[in-house]
Amino acid sequence: LQKPYEREELEREIVDIIVREAKLDRAQVTPDATLEALQLQSIDLVEVMMALEEKFGYFPMDSSIVEAKSLEQFVKAVASHIK
Amino acid sequence: VTLAAQVPNFDPTDCVPAALLPLSDRFAQFAIIAAEEALSQAGLPGDSPLGDRTAVILGTAIGCGSTLDQAHYDFYVLERRVHALTVPRVMPNSASSLLSIRYGCAGPSFTVSSACASATQAIGLGMWFIRQGVVDSAIVGGSEASITACSFRAWEALRVLTPDYCRPFSKGRNGMVLGEGAGIFMIESADTAHARGAYALAELAGYGTSSDAKDILRADVNGAAAAMKLALHDAEVAPQSIDYINAHGTGTVLNDSVEAEALRRVFGSSTMDISVSSTKPIHGHALGAAGALELAITVKALRQGIAPPTINWLEPDPGCELDIVPNVARPIQIRIAMSNSFAFGGVNATLVVRKAE
């Protein structure tokens, strides 16, 4: 995934999964939205992670994912694990 | 993930009375064995009933693990009938009820289920019952044996299990290790203990419990700090008097930083003067038994003057600035100690113990 457009495509897919699993309103989902503002609770994130794992295979939940504050940080942290 | 802290080669026929075997799940068997040890140490061999002034209050997070697993397998996969004693075995109160029956405790008996705070709440409630004069003594503690192949995968899916090493409060920590077991205590009012000439291991001095009222999984600084403050208040001790803290310290990224922050909030500038350790990498996270196992360790630490170590520790995490007793036990004077349990559901519970006079 060296090419930028592939990276963008991947990040878009991750956002799609988050929107679907956490039942978010697509209009609210901007990169700088905080997870708190999107009202993503721990259980939403667990379901998001399960769906991501089903699509992309297992990856570890490291501190960059756990401590992500904004949607963009979260998506980039997840994307960094996906080959 | 393939790592768990299980009781190896456990054969209940060796140590559980034959009459109780068909009635007991593994978690109740652990409780029966631990209770026998506790009562024998307390000088109460169980040959006469303890009567209606004794309660039994035990904690369990899940309760039966293997019995239900077996019943489901028999029914859904093998299409056989389920064992006729499945119901009494799967009751979460089976352990407390079996102890009540075995020792003739006719006072209140029940089970507290509040995930990883279960045992700590059970012990604290037992102390409050005694203080209020509801009973004179209580068998308290917790028991857990919920590691089955299926439940293990469920924990793994929550992404809280470490694939390699549980290293609480350390940089590079990546999760907890599931454990199992039971810890049982015989607690009595001072008068009751004196009257029968009992030898006290420690004084259970205070209990505090609070709820985050926020998120079902994510721990909260305010809730954790509140439980510790309430326990200190209940024990009528100042934060500076605490010499050792057995932390909840699961080894997950989030729990440990939240607990460290809560400790700083309660202990302020004296935080770094207190030896704090998590013993979970040694015995595993025994969920509803965790608080009982860790209180037993805390009492032992108090009696022997040794702060047990936080093993597998690598290097400081700036988010967990504590004196964490890294890797090697430390001899210290301990007069008053604290043990923390924080649970999914946002339940927080803390016990304070003091050296027996």
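So you know, we letter chains A, B, ... as the sequences are listed, proteins then strands, and number each from 1. Being a predicted model, the structure only gives us computed values, none of them experimental.
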Pair B:R218-A:L45, side-chain contact (heavy atoms from CB on, under 4.5 Å): steps then yes or no: CA-CA 11 Å; B:R218 188 179 276 258; A:L45 290 177; 4.2 Å; yes
[X] atom [atom1], neighbour heavy-atom count above 12 within 6.0 Å:
{"X": "B:I216", "atom1": "CD1", "answer": "no"}
{"X": "A:M50", "atom1": "CE", "answer": "no"}
{"X": "B:F152", "atom1": "CZ", "answer": "yes"}
{"X": "A:E21", "atom1": "CD", "answer": "yes"}

Under 4.5 Å from any heavy atom of chain B - which part of A:V46: side chain
side-chain contact (heavy atoms from CB on, under 4.5 Å) between B:R159 and A:E53, intermediate numbers included: CA-CA 11 Å; B:R159 294 173 163 272; A:E53 194 170 282; 2.4 Å; yes
Approximate separation, where rounding is to 0.5 Å, of A:Q41 CD and B:L217 CG: 9.5 Å
